[in-house]
Protein chains: 2
Amino acid sequence: MASEQIENYLKQIYNLQSDEGRVSTSSLSKTLDVTPASVSEMVKKLADEGSLTHTPYKGVALTGEGELLALRIIRKHRLWEMFLFNVLHFKLEEIHREAERFEHIMSDTMEEKIDEVLGRPTIDPHGHPIPTRDGVMRHVAGLRLTDAAEGATMRVLRVNDADAELLQYMTSIGIALHMTIVVKQKMNFDNSMRVAIDGRDVNISSTIAASVIVEHA
Amino acid sequence: MASEQIENYLKQIYNLQSDEGRVSTSSLSKTLDVTPASVSEMVKKLADEGSLTHTPYKGVALTGEGELLALRIIRKHRLWEMFLFNVLHFKLEEIHREAERFEHIMSDTMEEKIDEVLGRPTIDPHGHPIPTRDGVMRHVAGLRLTDAAEGATMRVLRVNDADAELLQYMTSIGIALHMTIVVKQKMNFDNSMRVAIDGRDVNISSTIAASVIVEHA
DNA sequence: TCTTATTATTAGGTATGCCTAAAATGGGAG
DNA sequence: CTCCCATTTTAGGCATACCTAATAATAAGA
Ligand SMILES: [Mn+2]
Ligand SMILES: [Mn+2]
Ligand SMILES: [Mn+2]
Ligand SMILES: [Mn+2]
C-alpha cells in the first residue's frame, strides 16, 4: 500500500502535469514543502515501484498506473469535500483542509457509501470534477474571469480551493458556484474589474478574478 | 502533537487499566501487537512526556493528562462509530474497524460538527458510553449475560465491538441494544444457555453470552 | 564557445518506531 | 533462603522519510 506521503506526491504530480507537462523536482519541492533533495530520493523510489517515469535532470511523468492511483485520491478528496459541505455543513473554505487528511484513510467501502449518500455527484463544492471509480475525469473547459471581455455575462464554473482566506472573501462578496457575473469595467492599470453579482456592483482585484473560472452564460 | 501510535498506546492503557489496575508490558504487547521490547521503549518515552508513570518491572498508569488524552480519542472513536452507523448506514460489525483509523485524524471542529448532527449522544451503537469533551465518562454498571440467573428477564446494555464475526452473528440471531432477553435454561457442562429473544428461543454459546452485557429489565 | 547561475542529484546524517538477541530483575517453588 | 524462569529492559540494528552540504548537470549569457 502507498504511504500517505506517497499519495501526496502522486496527487501533486498529477495536478502539476496538467499545467506543466513534465513535472520538475523544484515545483514538487515547492508544492509539497520538502527540499529538492528529498524529492529526488522519493522520485527514485516511485520510479522503481512503477508509478512514474523519471528522466534525470528532466523531470517526471506518471505512468498509467500512477495516474490511476492519483485519480483515486482525487476522487476521495472531492467526494469528502462534498460530504463535509452538504452533510456536515462545513464552510466552503474549511473543507479542502479537512479533506487533505481524510483522502488518505478513506476506505473503498467508505468511498462507495458516501458516493451513494450524495447521489453520485460529478462535481465538488468548488466546481472541480469528481473522477469516476475507474479513473475517468471529465474536465469542463472554461476561462479565468480576468480574461472575460468587458460587457460579457459569465457563469461561475469553479473556484480555487487552496486559499481559505481568499475563498472566504469571495463567498462574502457573493461569488458562488453557478452564479452569474456581468463584467462592467476592466481596469488596465492593475487588471482589477468592476462586476455585477446578483445585481450588486463590486470591485474585485486581479487575484480574485484570476481564481474564478467562468463560462459564457 | 501525539502520533497515531502514541494515541493507540494511551487508549489501550486506558482500557486495560479498568480491568487490571496497573498495566503490564506484556498485556500492551499483546493488544497492540508489538514486541515487549518496543513497548518498553515507548513507555519510557511516554513517561518522559508526562502522559503516564512507569515503575520499572511493575507496570504503567496514566497520569491525569494521559487519561484526558485517552478519553479524547475514545470520544472521537465512539462519535465516529455512531456517525457511521446512523448517518452512513454501515453495518454494526463494520464500524469499529473504520473508527480505529478515523479517531486519530478527526479534528476538534469535526468532533463538534458530528456531535451536533447526532444530537449529542451519550452512548455509541454498541452501548459504550461517550465521554464528554472535557473527559467525563459515565459508566453504567451491568453484568455479563453468562452471570444472569435462570428465569431472569434482562435488557441488553452493551455488546463487545472488537470481534466483527461474533457481532455479525449476534445481530443475525436478533441480539441488539436495549432488547429484552429471557434466560430460559443454563447448561452447566459448557456454560451455554437457551434464551428467548423477541419471543423466539435460541441457544447461545458461553462465548456469546460473555460478550453481552445486560441489566435487570 | 566558455563561463556562470540554476537546477538536480548524491553523500552522509537525524528522528521515529519497529525488530531480535542478550542481559537484568523479582516472585514463586522447593 | 535459594534458585529458577517468566517478564522486562537494554543493546544494537533496520526502514522510512526527512534534512544539510557537497557535487554534478544543464541552460543561459557573454
Ligand atoms: Mn480540495
Ligand atoms: Mn475541491
Ligand atoms: Mn469501537
Ligand atoms: Mn463502540
Side-chain angles (χ1 to χ4, degrees), chain A residues 1-17 19-62 66 69-70 73 100-101 103-105, chain B residues 1-17 19-62 66 69-70 73 100-101 103-105:
Chain A
M1 267 295 89
S3 76
E4 184 162 329
Q5 188 61 337
I6 284 178
E7 293 186 343
N8 283 330
Y9 273 87
L10 295 176
K11 191 179 59 151
Q12 207 51 248
I13 293 166
Y14 182 92
N15 287 332
L16 293 170
Q17 212 164 241
D19 315 341
E20 300 181 18
R22 269 261 177 58
V23 179
S24 68
T25 299
S26 54
S27 56
L28 280 172
S29 168
K30 268 165 215 135
T31 54
L32 291 170
D33 203 37
V34 294
T35 62
S38 301
V39 172
S40 272
E41 281 177 73
M42 184 58 99
V43 151
K44 202 198 293 176
K45 187 163 75 172
L46 293 177
D48 287 348
E49 287 178 11
S51 306
L52 52 80
T53 56
H54 179 219
T55 318
Y57 294 97
K58 288 295 171 60
V60 300
L62 293 178
L69 286 169
I73 308 302
E100 282 296 307
R101 296 151 66 232
E103 63 190 13
H104 306 292
I105 63 148
Chain B
M1 268 294 91
S3 77
E4 183 161 332
Q5 188 62 338
I6 284 179
E7 294 186 342
N8 283 330
Y9 273 87
L10 295 176
K11 191 179 60 153
Q12 206 50 248
I13 293 166
Y14 182 92
N15 288 332
L16 292 170
Q17 213 163 241
D19 315 341
E20 298 180 19
R22 270 260 178 60
V23 179
S24 68
T25 299
S26 53
S27 57
L28 280 172
S29 167
K30 268 165 215 137
T31 54
L32 290 169
D33 205 37
V34 293
T35 61
S38 301
V39 173
S40 273
E41 283 177 75
M42 183 59 98
V43 152
K44 201 197 295 178
K45 188 163 75 172
L46 292 177
D48 288 347
E49 287 179 12
S51 305
L52 51 79
T53 57
H54 179 220
T55 318
Y57 293 99
K58 289 298 173 57
V60 300
L62 293 177
L69 286 168
I73 308 302
E100 283 295 308
R101 298 158 58 235
E103 63 190 12
H104 305 292
I105 63 148

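Reminder, nothing fancy here: chain letters follow the sequence lines and each chain counts from 1. No hydrogens, no waters, no symmetry mates; every other heavy atom, side chains included, goes into these values.
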### Task
Check the pair Q12(B), V23(B) against side-chain contact (heavy atoms from CB on, under 4.5 Å), reporting the backbone distance first and the verdict last.
CA-CA 10 Å; Q12(B) 206 50 248; V23(B) 179; over 6 Å; no
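- Neither OP1 nor OP2 of dT16(C) sits under 4.0 Å from any side-chain N or O of Q5(B).
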Under 3.5 Å, which N/O atoms of the protein pair with N/O atoms of nucleotides 6-13 of chain D?
| residue | atom | partner | partner atom | Å |
| --- | --- | --- | --- | --- |
| dT8(D) | OP2 | S26(B) | N | 2.9 |
| dT8(D) | OP2 | S26(B) | OG | 2.9 |
| dT9(D) | OP1 | H54(B) | NE2 | 2.5 |
| dT9(D) | OP1 | Y57(B) | N | 3.3 |
| dT9(D) | OP2 | T25(B) | OG1 | 2.8 |
| dT9(D) | OP2 | S40(B) | OG | 2.6 |
| dT9(D) | O5' | S40(B) | OG | 3.3 |

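- Side-chain contact between V34(B) and Q5(B) is present, with heavy atoms from C-beta onward closer than 4.5 Å.
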Identify each atom pair where a protein N or O and an N or O of nucleotides 14-16 of chain D are less than 3.5 Å apart, giving names and distance.
none

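- Scored by the salt bridge (charged side-chain N to carboxylate O under 4.0 Å, His left out) test, E4(A) finds no partners at all (sequence neighbours excluded).
- Following rounding to the nearest Å, L32(A) (CG) and dC19(D) (C1') show an atom-to-atom distance of 16 Å.
- Atom CG in L28(A) sits about 11 Å away from atom P in dT9(C), given to the nearest Å.
- Each salt bridge (Lys or Arg N to Asp or Glu O under 4.0 Å) pair with one or both residues in residues 29-42 of chain B, not counting sequence neighbours, would appear here, but there are none.
- Residues passing the salt bridge (charged side-chain N to carboxylate O under 4.0 Å, His left out) test with E49(A): none are found, sequence neighbours excluded.
- Considering only residues two or more places apart in sequence or on other chains, T31(B) meets the side-chain hydrogen bond (donor to acceptor under 3.5 Å, both in side chains) condition with none of them.
- No side-chain heavy atom of Y14(B) sits under 4.5 Å from any side-chain heavy atom of L69(B).
- Shown are S38(B), S40(B), P56(B); of these, the side chain to side chain contact (heavy atoms under 4.5 Å, CB included) with T25(B) is made only by S40(B).
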